[in-house]
Protein chains: 2
Amino acid sequence: MPDSRKEHRRSAAASKENALDMQAIEGHVGYLLRRTQLLVFEDVIRALEPHGLRPATYSALVVIDANPGRSQREIASALGIQRPNFVAMMDEFETRGLAERLPSPTDRRSHALKLTERGTALLAEANKSVRAHEKRMAQKFTPEGINTLKAILRGK
Amino acid sequence: MPDSRKEHRRSAAASKENALDMQAIEGHVGYLLRRTQLLVFEDVIRALEPHGLRPATYSALVVIDANPGRSQREIASALGIQRPNFVAMMDEFETRGLAERLPSPTDRRSHALKLTERGTALLAEANKSVRAHEKRMAQKFTPEGINTLKAILRGK
DNA sequence: AAAATTAGTTATATATTATACCTAATCAGC
DNA sequence: GCTGATTAGGTATAATATATAACTAATTTT
């Protein structure tokens, strides 16, 4: 065979990977939600990293900021975080000077949470990164698709 | 002492929990995806429990079933599972007689995975539960909303 | 034939999430 | 006013999930 070029270049690496049939599993909402959430989180985690935040800590700062004076139970519960697991997060916030536990005026058991000035500033910076991240997502999915998504999910 | 009884009254039932302002965080795709995925998983986890399966193991069975003869690396990678973490899963499948590692005809390093008869039967049963779960989800969201979701996410 | 790569594996580290229980404070019911 | 039940925050710990490093045997590359 005079003309024997055997596609040597991709013999090993590229072509060995025949795509699998994922049709059966990709029909499931739960699977799609999980994989997509992972994709989106990969990006937002990178966006938050420079600020020393993770998705969970970022969302906590956002919610405390929007609801100053609320208790740990209230904030944690709104975020779906177990109360015991929220303690360490608040400890970290206080250590870093981002939020504080003020005495509640009405209940000496509970704390009135609020962001410090530094916390507010950090959140503002983080918000910039997150907005850029949202922009990237808006491209990755489709402009109106994101809104559909929000609408659907918010309806619960 | 001022007679301040007025505050007491409402605390009995409804009023202790003034809803928090979640508007700021609910505008984020990542947050919405995560919370929704959690919601959906709660239901599918319950659906799979009677079959001794979890979302990850269920999806593995589905993908092996649709792609018999593929290697562990291929299956795991398609599912976004780290190869080391997939080993224990396959061990469990073999212990329970749901799947087997057959020698690959072309590469003695790798295994050709396939479901056993018992695995196929269990998957069929699990699929019934999952279909019921999907029906519940279709109600919870909206009929056409689910399709929109799938379409958006599959586009990636 | 030697060097580099790959599949599966083991061991381990890290992160996340959940559960049981403790104390101080508050509340419910008398 | 007391007393028992409940609640907020906290500690300790367990259970899960996820990631990384390194090893062996087989294969591929050069």
Side-chain angles (χ1 to χ4, degrees), chain A residues 6-17 34-35 37-38 41-42 45 48-49 53-57 59-60 69-94 99-113, chain B residues 1 4-5 7-13 15-17 34-35 37-38 41-42 45 48-49 53-60 69-94 99-113:
Chain A
K6 326 156 128 187
E7 284 308 291
H8 188 255
R9 45 182 43 172
R10 72 170 41 92
S11 62
S15 74
K16 75 163 24 174
E17 202 74 9
R34 173 165 177 271
R35 295 305 300 264
Q37 182 249 309
L38 253 26
F41 263 44
E42 246 178 62
I45 286 172
L48 291 172
E49 208 154 57
L53 296 175
R54 302 266 313 162
T57 47
S59 63
R70 294 306 192 108
S71 71
Q72 292 189 188
R73 183 188 58 76
E74 288 175 308
I75 303 287
S77 141
L79 288 167
I81 299 175
Q82 301 292 325
R83 278 52 118 227
N85 296 333
F86 191 59
V87 174
M89 201 182 283
M90 275 308 301
D91 288 349
E92 189 200 314
F93 288 158
E94 287 202 317
E100 39 191 359
R101 302 187 235 223
L102 304 173
S104 158
T106 63
D107 187 335
R108 274 187 304 159
R109 288 171 303 178
S110 79
H111 301 146
L113 307 185
Chain B
M1 302 326 157
S4 58
R5 253 211 251 113
E7 261 231 59
H8 270 244
R9 188 149 309 145
R10 312 181 334 179
S11 68
S15 79
K16 73 160 32 171
E17 201 75 9
R34 173 166 179 272
R35 294 306 300 265
Q37 184 249 306
L38 253 26
F41 263 44
E42 246 178 61
I45 285 171
L48 290 172
E49 208 154 57
L53 295 175
R54 303 264 314 160
T57 47
Y58 170 74
S59 63
R70 293 308 193 106
S71 71
Q72 290 188 191
R73 182 188 58 75
E74 289 175 309
I75 301 288
S77 143
L79 288 168
I81 300 174
Q82 301 292 324
R83 278 52 120 227
N85 296 334
F86 190 59
V87 173
M89 200 183 283
M90 275 307 303
D91 287 350
E92 189 199 314
F93 288 159
E94 286 203 318
E100 39 191 359
R101 302 188 235 224
L102 303 173
S104 157
T106 64
D107 187 335
R108 274 187 304 160
R109 288 172 304 180
S110 79
H111 300 147
L113 307 185

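All chains are named by letter (A, B, ...) in the order of the sequence lines, taking the proteins before the strands, and each is independently numbered beginning at 1.
Residue A/Arg108 has no polar side-chain atom (N or O) positioned under 4.0 Å from OP1 or OP2 of D/dT7. Within the structure, a side-chain polar atom (N or O) of B/Arg101 is placed less than 4.0 Å from OP1 or OP2 of C/dT9. For B/Arg54 and D/dA17, the shortest distance from a side-chain N or O to OP1 or OP2 is below 4.0 Å. Taking only side-chain nitrogens and oxygens, A/Gln82 comes nearer than 4.0 Å to OP1 or OP2 of C/dA18. Distances shorter than 4.0 Å separate some side-chain N or O of A/Arg34 from OP1 or OP2 on D/dT18.
Nucleotide D/dG9 holds its P atom 13 Å from the CG atom of A/Leu102, rounded to whole Å. Counting to the nearest Å, the P atom of D/dT18 and the CG atom of A/Leu38 are 7 Å from each other. Remark: P of D/dA25 and NE2 of B/His111 are 14 Å apart, rounded to the nearest angstrom.
Remark: the B/Asn85 side chain and the D/dA17 base include no donor-acceptor N/O pair separated by less than 3.5 Å.
Annotation: salt bridge (Lys or Arg N to Asp or Glu O under 4.0 Å) contacts of A/Arg101 (sequence neighbours excluded): A/Asp91, A/Glu94.
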Between the protein and nucleotides 21-24 of chain C, which nitrogen or oxygen pairs come in under 3.5 angstrom?
none

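A heavy-atom distance below 4.5 Å is found between the side chains of B/Phe93 and B/Met89. Between A/Leu113 and A/Met90, some side-chain heavy-atom pair lies under the 4.5 Å cut-off. At least one side-chain heavy atom of A/Val87 sits less than 4.5 Å from a side-chain heavy atom of A/Gln72.
Residue B/Arg109 holds its CZ atom at 9.5 Å from CZ of B/Arg73, rounded to the nearest 0.5 Å.
In this structure, B/Asp107 reaches the sugar-phosphate backbone alone: every heavy-atom distance under 4.0 Å involves primed, P, OP1 or OP2 atoms, never a base.
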